[in-house]
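Worksheet: the structure to be examined is printed underneath.
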Amino acid sequence: MLIKKRRASDVLPSEITPESIYRDRRRFLRTSALAAAGSLLAPGWSLAKPMEALEPLGELPASEFSTDTPANTYEEITTYNNFYEFGSGKEDPMRLAPGRLEHRPWTVTVSGEAENTGEFGFDDFMRGLTVEERIYRLRCVEAWSMVIPWAGVPLAEVIRRARPTSRAKYVKFYTGYDPQVFPAQAARGMGFLASIDWPYTEGLRMDEAMNPLTLLATGLYGKEMPSQNGAPIRLVVPWKYGFKSIKSVVRIHFQETEPEATWNQLAPHEYGFYANVNPNVDHPRWSQARERRIGEFFKQDTLMFNGYQEEVAHLYAGMDLSKHY
Ligand code: MTE
């Protein structure tokens, strides 16, 4: 595992925790002390290069669904990413996405079993929706986690506007397909990236999609979404493993049957369709009982539904979650 050390010239403290409302001085000092110690850094800790000019989103209403657990730093959230379209390394997205992934023009297509379908330019798509701040825990199936102050809109509002028909039982999401933008889509041969059936897709049951926690995020830390985090718009489903939170969404499709989803198709025994965070059901290759919060040294217990049990447990009443993993 490659561990990079901070160089004093690389970043200003104000770039690490830019907005005063988010600044947690003690946490920052602790992170700095760890950086000085060098050897205690969590995997993937490295330095963000301010490569993109991202617009502030203005004052965002706070949400009752936000956690008060201190958020990870902007730097941690934007330098340790999974975005396989840019490679499988955690630092590939921050190196390769900015500059390649153009945030505008961006079209979101709404299709399938709904009355109000069509192609919407990003700004039209967002018109009339109130972007709010949601500070959520994110738990990756790889047993690391973060706390991220997203900006976004409830998916339920977008769905209501689309007026799904009674046949719409599921929602499928697509990331774009363009090998010029996403280098891994041009991968050929026997490698892992070439085995992925692009574009990346994901799906939710309609009641999961309508749950008030489910977010379409358009930014983080009060600014537009960085490319490596899934600009300009991505899904965030905080009680499910991170792979359900599909990035850079170009299509939202309503359908009657359970959608095919990238990881589920690739390895159905490892990545279930539901993918609810569940410390009692291990992934075949690693335990899910504990997790390492990026930036912290000690592991912590993983919570059922990533701690969102109260909001979502009722969705799975009567289901055997060791079968429907
Ligand atoms: N979306 C797309 N299109 N491609 C991806 O590779 N990776 C997923 C998810 N969304 C992924 C994706 C995984 S495995 C995780 S853990 C989260 O994005 C990571 O989000 P983050 O990089 O913003 O923390």
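Just so you know, ligand 1 is whichever comes first in the structure, and atom 1 is the first atom listed for that ligand.
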Which residue owns the protein heavy atom closest to [atom], what's the atom, and how far is it?
atom: atom 23 (O) of ligand 1; value: Arg234 NH1, 2.7 Å
atom: atom 17 (C) of ligand 1; value: Gly242 O, 3.5 Å
atom: atom 5 (C) of ligand 1; value: Tyr200 CE1, 3.3 Å
atom: atom 10 (N) of ligand 1; value: Ser245 O, 2.9 Å
atom: atom 6 (O) of ligand 1; value: Tyr84 N, 2.7 Å

* To do: Report yes or no: is the cationic atom of Lys244 (NZ for Lys, CZ for Arg) under 6.0 Å from the centre of the six-membered ring of Phe173, at an angle within 45° of the ring normal?
  =>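 No cation-pi geometry.
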* To do: Consider only side-chain N and O atoms of His103 and Glu224, and report whether a donor and an acceptor are under 3.5 Å apart.
  =>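 No, no side-chain donor-acceptor pair sits under 3.5 Å.
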Is there a side-chain contact between [X] and [Y], using heavy atoms and a 4.5 Å cut-off?
X: Arg292; Y: Phe298; value: no
X: Leu204; Y: Tyr170; value: no
X: Pro98; Y: Glu52; value: yes

* **Proximity winner for atom 4 (N) of ligand 1, if only heavy atoms of Gln228, Lys247, Glu85, Glu142 are counted** =>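 Of the listed residues, Glu85 has the closest heavy atom.
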* Given Val249, Val237, Asn82, which one has a non-hydrogen atom that is nearest to atom 14 (S) of ligand 1? ->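 Comparing heavy atoms across Val249, Val237, Asn82, the nearest one to atom 14 (S) of ligand 1 lies in Asn82.
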* Any N/O of Trp150 closer than 3.5 Å to an N/O of ligand 1? ->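 Among all N and O atoms of Trp150, none is under 3.5 Å from an N or O of ligand 1.
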